[in-house]
Amino acid sequence: MPDSVEDANPRRADRALTAAPTDGVRDEAITPASITLALPRAVDAARPADIPAGRADQAAKQVALRFDRVSKWYGPVIGLNQVTLELRSGITGLVGHNGAGKSTLLRLAAGQIRPDLGAVHIAGRHAWTAAAKRHLGYCPEHDTFYEDWSGRRFLEGMAQLCGYSRAQARERTDNTLQLVGMRDRADRPLAGYSKGMRQRIKLAQALLHDPELLLLDEPLSGIDPIGRRESIALFRELAERGKCLLISSHELEELEKLTDHVAIMAAGRIAAVGTLPQIRAVLDGHPLTIRIACDQNQRLAGALWQLDHIVAIERDHDSLLVRSRNPHGFFQKVTELAITLPLEIHHLETLDERAHDVLDYLLGGRRG
Amino acid sequence: MTSSLLHYRAWHGPWRKPLWSVWPIARVALGMLLRRKLFWALYGFALLLFLMFFFGSFLLDWAETQLAAAPIQIGRLKTDPQRTVSFLRRGIRVLNGSQDTFAYFFSYQGAMVLIVLAFAGAVLVGNDFTFRSVGFYLAKPIQPRHWIMGKCLAVAAVVHLLTTLPALVLFAQHGMSDFDYVLDVDYFTANNLGRGPAGWQLALGIVGYGMALAVVLSIMLVTAASWLRRTMPLLLLWVSLFLFMRVLASILVDGLQYDGRWRLLDLWNTLGLVGHACLGFQHRNIGNPPQPEFWEAAVTLSGVCVACLILLKMRTRDVPIVR
């Protein structure tokens with residue numbers, strides 16, 4: 001068992017309420033007691049650094065999807081509660097436990113259902129209008145098609161609904177099939193497709209008309225590892241083109257590979273929006289745990305203990321487990337100490353900054 | 001898949017208006033239906049009725065001439081030539097290409113239409129909800145009304161395939177002189193075949209009757225199938241609407257001597273009234289009196305259509321989550 005040197009000083013017990021907010025995140029947004037306050041407009045962090053300047057920057061300025069105090073009831077049950085959200089270009093992961101309202105949010109964004117209160121806009125237009133849907137590609141979770149049709153025929157039909165003539169639809173279908181790697185298998189009946197192939201066809205139908213906003217509900221489920229890698233690369237490429245992707249997924253590891261920008265949902269509300277470090281940084285009730293090992297562990301522990309934001313220091317074999325409410329300040333101090341003492345640091349890692357941890361802390365371990 | 005987006009480029013061409021999506025939706029629905037063997041079996045059965053009308057007039061013409069030349073005797077049983085000729089002439093009146101011919105044709109063929117639609121509703125419309133394909137449709141740049149129009153167009157096409165199209169073929173057949181198929185100009189100008197218009201007016205009446213059937217039945221079927229989805233509940237509803245209500249109306253009007261307007265409950269009779277109006281029938285010549293006025297029938301059907309459209313709007317306002 002690690003030795004605990006947790007401070008009993010009551011002064012430190014108050015610190016959870018006084019942690020400074022990180023840039024782009026409002027301080028009232030996430031508190032352990034109430035996780036239901038939204039954190040809007042932390043979206044630019046999602047934009048990959050290597051987006052081509054011209055088109056991508058222009059796209060980034062434009063709000064692709066806006067939820068303005070949207071509520072939706074299913075009879076007496078509230079599906080979405082006063083959600084405000086803005087997304088621009090880049091990839092945003094939509095996470096939350098089952099029943100949190102992810103599908104409702106996606107369906108509202110896709111114009112499939114209408115809000116009871118508030119408004120949903122795509123590129124400045126009401127989401128359920130045909131003009132808004134020109135900018136939208138929706139890939140639902142379910143994959144039920146006309147089973148005796150071929151993938152190509154299904155896509156051609158969908159392309160014509162997008163406003164292409166028959167000849168254009170044929171050409172567009174062909175190009176999109178090539179994009180999702182299904183060109184050689186497109187003439188088989190859909191009934192014989194594997195789960196992964198069906199996912200690709202679904203993705204293709206969403207991409208047919210080159211939409212600026214892509215809503216993808218569990219797009220990686222059922223796809224083999226190679227297919228996943230390809231899909232992730234495709235999503236990144238699309239984001240680099242300035243497109244806005246909102247991806248709902250339970251595959252947190254895969255989602256983390258795609259983006260660290262997430263919208264976390266709980267009980268019909270957006271609990272938090274931002275990058276994982278931003279969200280993690282304001283989880284005051286759960287100080288960040290850092291494992292650090294150096295040649296003078298005891299001296300380091302003593303120096304760190306002088307800092308206000310250090311909640312606990314434990315010894316774990318040859319390393320220290322430090323719990324800090326201000327990770328930024330911690331790393332700054334460690335750098336200073338490494339130079340002044342001096343220290344030879346062998347190991348330094350954060351232990352609970354992953355999406356899983358953030359979700360567990362934020363949703364109280366109720367992640368679905 | 002990700003090597004490049006070389007072939008996948010942004011679309012800069014013009015988009016067609018959402019109204020253009022109506023036909024692809026209808027074509028997809030029809031494609032689903034026309035793949036079913038059951039549909040072709042029912043269609044073939046319905047065509048038997050058409051063939052009866054098509055060849056019936058020739059047969060009766062031929063029988064009448066034969067009867068005059070040599071009375072029929074089967075064994076010891078002799079027929080009364082006068083009664084037989086009278087029977088044949090009554091039959092010929094139904095098959096002589098007059099408005100009666102088409103009123104009967106639509107009436108009989110319509111019964112087949114009802115059966116076909118009861119079976120086809122699930123395929124044409126219900127499956128979109130059952131299998132949630134409607135979600136794919138409505139995520140495209142169209143409005144729910146375009147989906148409704150597409151589905152109604154598909155149902156209307158089935159109705160026309162079974163009624164208007166064969167009726168027009170029948171009209172064309174009567175427009176020819178008997179067996180030599182030379183255009184019989186008199187048929188298009190004469191007004192003495194029945195108790196109403198002939199010629200092109202009659203052709204327009206046929207189209208009008210077909211359109212009335214197509215519009216009302218398509219809206220009703222799309223509404224019913226979007227709520228009920230499965231074949232069996234649809235059949236039950238269809239039977240209730242067109243059979244039970246017919247019996248009820250008959251009991252009320254013929255049995256209990258209620259006002260003739262109670263016949264408006266019988267939607268098939270109401271549809272027939274509008275159809276008869278299209279064919280140019282005088283109200284006094286409509287069978288099975290008392291009957292409501294033509295305009296009352298038209299108003300009733302309009303009300304039914306409006307109610308159905310409201311229900312459809314409710315159904316497609318939110319894409320339902322169904323499993």
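Reminder, nothing fancy here: chain letters follow the sequence lines and each chain counts from 1. Not measured: the values here are computed from a predicted model.
Note on A/A169, A/A110, A/P140, A/G157: by heavy-atom pairs under 4.5 Å with chain B, the leading option is A/P140. Note on A/H135, A/R166, A/K202, A/R153: by heavy-atom pairs under 4.5 Å with chain B, the leading option is A/R166. Ranked by heavy-atom pairs under 4.5 Å with chain A, the first of B/Y137, B/W20, B/W15, B/W23 is B/W15. The most heavy-atom pairs under 4.5 Å with chain B, out of A/D148, A/L215, A/T129, come from A/D148. When A/Y164, A/W128, A/W149 are compared by the number of non-hydrogen pairs under 4.5 Å with chain B, A/Y164 comes out ahead. Taking B/N127, B/V28, B/V22 one by one and counting their heavy-atom pairs under 4.5 Å with chain A, the maximum is reached by B/V28.
Using a cut-off of 4.0 Å between Lys/Arg side-chain N and Asp/Glu carboxylate O, A/D217 and A/K102 are scored as not salt-bridged. A salt bridge links A/R200 with A/E230: the distance from a Lys NZ or Arg NE/NH1/NH2 to an Asp or Glu carboxylate oxygen falls below 4.0 Å.
The shortest non-hydrogen separation linking A/Y193 to A/D187 is OH-N, 4.4 Å. In terms of heavy atoms, A/H209 sits closest to A/G137 at CE1-CA, 4.2 Å.
Side-chain atoms of A/V120 and A/L65, non-hydrogen and from C-beta on, do get closer than 4.5 Å to each other.
The one candidate from B/L117, B/I115, B/V123 that meets the side-chain contact (heavy atoms from CB on, under 4.5 Å) condition with B/F119 is B/I115.
Looking at A/S103, there are no atoms closer than 4.5 Å to chain B (heavy atoms on both sides), in backbone or side chain. Neither the backbone nor the side chain of A/E147 comes within less than 4.5 Å of any heavy atom of chain B.
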